[in-house]
Each structure stands twice: as C-alpha cells, then as structure tokens.
2 protein chains.
Amino acid sequence: MPKSALAQQPHWKAFASRRRDPTTKREAVLKTAAELFLEKSYGRTSLDDIAERLNITKPALYHYFHKKEEILLECYRWGTGLIEESLTEIAGSAGTGLEKVAAFVYSYANVMTVNFGRCVMRLDEGDLSTQALEEVRTYKRKIDRRLRSFIQEGIRDGSIAPCDPKIAAFSIAGAVNWICMWYEPAGPLTAEEIASQFARTLTQGLARRKPDSLRRAAPAGPSAD
Amino acid sequence: MPKSALAQQPHWKAFASRRRDPTTKREAVLKTAAELFLEKSYGRTSLDDIAERLNITKPALYHYFHKKEEILLECYRWGTGLIEESLTEIAGSAGTGLEKVAAFVYSYANVMTVNFGRCVMRLDEGDLSTQALEEVRTYKRKIDRRLRSFIQEGIRDGSIAPCDPKIAAFSIAGAVNWICMWYEPAGPLTAEEIASQFARTLTQGLARRKPDSLRRAAPAGPSAD
DNA sequence: GCTATATCTTACCGGGCGGTAAGATATAGG
DNA sequence: CCTATATCTTACCGCCCGGTAAGATATAGC
C-alpha cells in the first residue's frame, strides 16, 4: 500500500477515533479520493476503493457526501481555489505583459504539481452533472481570460510580439495543463525546476537569441521568480 | 479529404447492404467509435451507443471485433499511424534542430485536429489492458524521443538556446497534445492557423525578438515573422 | 429456385457499482 | 451507569453494460 516512504501520514488516521473532527475526516476523504482519481480515474474508482483506503466502509462516506459526484466536484473546487489564490496576486503585481505571463506560467505550473490542482485539468468533466459542469467551465474560462489579457497587455506594451492572443493562450495554457498528465510527485523533476523552465521556454522560446541583434536597451530578461 | 465540417456522409451507410465490403464496415465502426469516444469518453460510450449510430445492433459489432477494448486499441493504432507518417519525413529532412522542431510542431498539431489523432492523446490509457498499454506507451516514448533529439540537435548546432531537453520537450509536446482537448472541427479556428502559430510561438517564444524602442508607435507593417 | 454461408437480431446472463435500509457501536453528557 | 446522538457496519436492491447463445435473414453461386 505505502507507495513511497517519504509521503505524509496516511489519511485514514483521521478515522482512527469516532469522535474526531468531522471536518478533518471530510478532508481526508477528499484527499484520498483525489489520489485515487489521479491513479485510476474517477470512473474506475469505486466508493469501496475510497472507503477501503480509509479503513472504513462505503456507507460511512455518505455521512460526509451525498453522492459520489459531490466528492468529485469538491476536488475541483479545492483545485480551482488553489489556482485562484496564485493568480490574483499576479494580476495585481506590476510589470510588462510578458513578465506577467511568465509569472502566470510559473505559478500555475506549480499548482499543476499538487494533487487537487492536477484534478482540475486531468479529470474528465463529463463525469460532472450539467450544473456542476457549468460551474467548473465558468471558472476555467476565467483563467483563460486572465492569461489572454496578460498577452494582450504585452502586445500593447511592446513586450510581446503581435499574435493571436487566443491561440497563444491555448498554446501556453496547454503546455502547463499537460503537466498534470505526466508529473509524478515521486519523479526526478521537482516542481520548481519545471515551473521555472516552463516560464522561460514559453515566453522566450527555444530559439537562441542573437546577441548582435539585441540592444541592451532592454533591462535584462524577465525572470520568473 | 473535405475540410468542411458539414460534409462527410454518415458512417452507417456502410451497413446499408449486408454484402458490403467488411473492411469498409470495420472502418465505419472505428470511425463512429472514435467520434463517440471523443464526445463522451470511452467509459461512457456503450457498445449499444456505437451500434445505434450505425443502425445495427450490439452483437453485430462482434463480427468485426472481439472485445470493446479492441475497438479502443485500433483507434490508438490508427492515430499513432498518422503521427508516424508525418514524423518520419521530418526526421529525414534537412535543416537546423530548431527548424525540425518547428516542423514537428506544425505537423503534429495538424494530426491533433484529426479524430484518430486526438484519440491517441485524449483517451484514457487506463482503459487499455496492460499489454495494449505497453504497446501504446512504447509508441509515445518514441515520439518523445524524436522531439527530444531534435532539441538536442538544435542545442548542438546553436539554433536552440541551452536548456534541459527533457523539460523543453514536455513543454512543447504538452502544448500540442492539449489541442486535442479543446479543438473542435466545427469551431472557428482552422487546423492550419493553429498549427502555424503554434510552430512559431513554441519555437520563437512570445517575447518580441527585436527590441525596437518604439513602444506604442505602430511598427508600420512588417514584423511578418 | 435452392443451398451454403456470412451477417445480423432477439433474448438473456452475470458482475460491478452507486445508493439505501436498518441495525450495531462508540462516545459525550448527565 | 444510563441515555441520546452521531457514527459506522452488514446486508441488500436495481440498474447498466459487456458479452454470449441461438436462431432469423439476406445474398452469392449454382
């Protein structure tokens, strides 16, 4: 069962005693659910699976959630909350549009290495009810608009080359979103490494900058962090 | 291949007559299956769904496939075949590493707008048997290695700035892979537009290449890059 | 027409899983 | 201790869906 030794203590300890804080237990359910959803997908994760990992039985889950889908939705909400947090501060910060994009990528990439963050982009929206789906979709649109506005800002202030902001945003967001598909906490790459190189590559590009064509009028490159 | 979304006669016509070419029918099953898998996911698509869209009944499908999973695997195979096609020619072509990466992105992005291509990256590998999964994984690794080698080539020939090829490849591949998550044939963006801007943005970056001091003044036309 | 064969349909089974009913059990408060 | 209450378990239902059995039907070749 214990996948990696380094991991935090198992969530089922929250259920060791009956009179333990119910809020803690609810969170424990959510965390193990998120784990399993990422391991096996929502569809292939049964309520029995979740219960088993928590050392309880399926019906006990219904003390904290009404339906399976509610667990899923709460995972989405937790994840979007994380994204929201990191994005609001960027929007308020100063800097060119390009710098904001870099900051966006750095920050967003970090969230994509956290389980709840990964859930937001990796889990299948089709498992949500139409109402919940609308909620999630609305939030995702918000993220996209945020990024797109940074790009437009950059085009206006001259830090970003003219382009279709919509496609550019899809490109950048896609690269970052995809992190949730391959990132593994136990893997060789740290979140920090990924985030910083993504921020650089996606803004500056792969291509080598030719020093002769550059005027050092521009004060250094935008650094992410 | 008609580009307009409206065209393309429905696949169920392949089953109009009993004595129609079985190969055509098999392909018709595959194509409608791919459609449905992309619309509803593999898990939520029942064999009855597929059969219904083909105006036949479920057991008829078993004349062409042994199990549901086989249909899925064949979708993967068709898709990887498409990718293979477009990648081999690039590898052989001349040019700098950076140019090859650009060609890779352009070509690969185009495949990601075709149903079978989308299946490869969008469908859940967890629905495959361990054996089939190994096959698909192997193929995906091959793609990744190809891209990574282009990047390394570019670093060597000086067309690409020094970086970790592994992370860079993840970044680029991710952006392109994600296309299959949002692209819609009936949507406003054409495959051509997407592919060409992706190729440019991902190699050259967002950042304005030539830092001309004019900030607001319209740069009178050019910047055609 | 008649027959052989591939093709397709109707009817059905069984397992997995979300969800529920009803009863057991632990704990706080008196 | 005793009781009230929240918490958890055992047992079970019903639906969905992949897969199968067995029989119907269309078509080619004679």
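Small disclaimer: the values here were computed from a predicted structure and weren't measured. Chain A is the first sequence line, chain B the second, and so forth, proteins listed ahead of strands; every chain is numbered from 1.
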Rounded to whole Å, please give me the gap between [atom1] in [X] and [atom2] in [N].
X      : N       : atom1 : atom2 : result
D49(A) : dG16(C) : CG    : P     : 12 Å
L36(B) : dC17(D) : CG    : C1'   : 15 Å
Y62(A) : dA6(D)  : OH    : C1'   : 19 Å
K40(A) : dG16(C) : NZ    : P     : 13 Å
R44(A) : dG18(D) : CZ    : P     : 14 Å
D21(B) : dA28(D) : CG    : P     : 13 Å
L47(B) : dT9(C)  : CG    : P     : 14 Å
H63(B) : dA26(D) : NE2   : C1'   : 13 Å

Ignoring backbone atoms, establish whether Y64(A) has a side-chain N or O less than 4.0 Å from OP1 or OP2 of dC8(D).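 Yes, such a contact exists.
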
Using only side-chain N and O atoms of K25(B), determine if any of them is under 4.0 Å from OP1 or OP2 of dC8(C).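 Yes, because at least one side-chain N or O of K25(B) sits under 4.0 Å from OP1 or OP2 of dC8(C).
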
Please list, by residue number, the residues of residues 67-76 of chain A whose heavy atoms come closer than 4.0 Å to an atom of DNA chain C; answer none if no residue qualifies.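 Contacts with DNA chain C under 4.0 Å: K67(A), K68(A).
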
F37(B) pairs by side chain to side chain contact (heavy atoms under 4.5 Å, CB included) with which of T45(B), D127(B), N115(B)? T45(B)

Which is it for R141(B) and E134(B) under the salt bridge (charged side-chain N to carboxylate O under 4.0 Å, His left out) test, yes or no, and what are the steps along the way? CA-CA 10 Å; R141(B) 267 194 299 271; E134(B) 193 46 46; 3.2 Å; yes

Please check: side-chain N/O of Q197(B) versus main-chain N/O of I194(B), any donor-acceptor pairing under 3.5 Å? no

Step by step, work out the side-chain hydrogen bond (donor to acceptor under 3.5 Å, both in side chains) result for E69(B) and Y42(B). CA-CA 9 Å; E69(B) 190 218 321; Y42(B) 174 78; over 6 Å; no

Positions of residues 54-61 of chain A (non-hydrogen atom under 4.0 Å from DNA chain D), listed by number: I56(A), T57(A), P59(A), A60(A)

Kindly state which residues belonging to residues 125-134 of chain A come within less than 4.0 angstrom of DNA chain D, counting heavy atoms of the residue only, listed by number.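 Here the set is empty: none.
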
Residues pairing under salt bridge (charged side-chain N to carboxylate O under 4.0 Å, His left out) where one sits in residues 163-185 of chain A, two or more places apart or in two chains, turn out to be none

Between [X] and [Y], does at least one N-O distance fall below 4.0 Å, as a salt bridge requires?
X      : Y      : result
R53(A) : E39(A) : yes
K58(A) : E52(A) : no
K67(A) : E70(A) : no

Parallel, tilted or perpendicular for W78(A) and F116(A), by the 30°/60° rule? parallel

According to salt bridge (charged side-chain N to carboxylate O under 4.0 Å, His left out), who are the partners of D144(B), at least two apart in sequence or on a separate chain?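 Here the qualifying residues are R148(B).
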
Enter the inter-axis angle for the ends of the helix from dG1(C)-dC30(D) to dG30(C)-dC1(D) (five pairs per end, rounded to 10°). 10°

Could you tell me whether the side chains of E192(B) and Y106(B) share a donor-acceptor contact shorter than 3.5 Å?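 Side-chain D/A pair, E192(B) to Y106(B): present.
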
Side-chain donor-acceptor contact under 3.5 Å, S46(A) with D49(A): yes

pair E135(B)-R77(B): side-chain heavy atoms closer than 4.5 Å: yes

Among dG18(D), dG18(C), dT7(C), which nucleotide sits nearest the side chain of S46(B)?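 It is dG18(D).
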
Looking at the rings of W182(B) and F170(A), which for Trp means the six-membered one, are their centres under 6.0 Å apart? yes

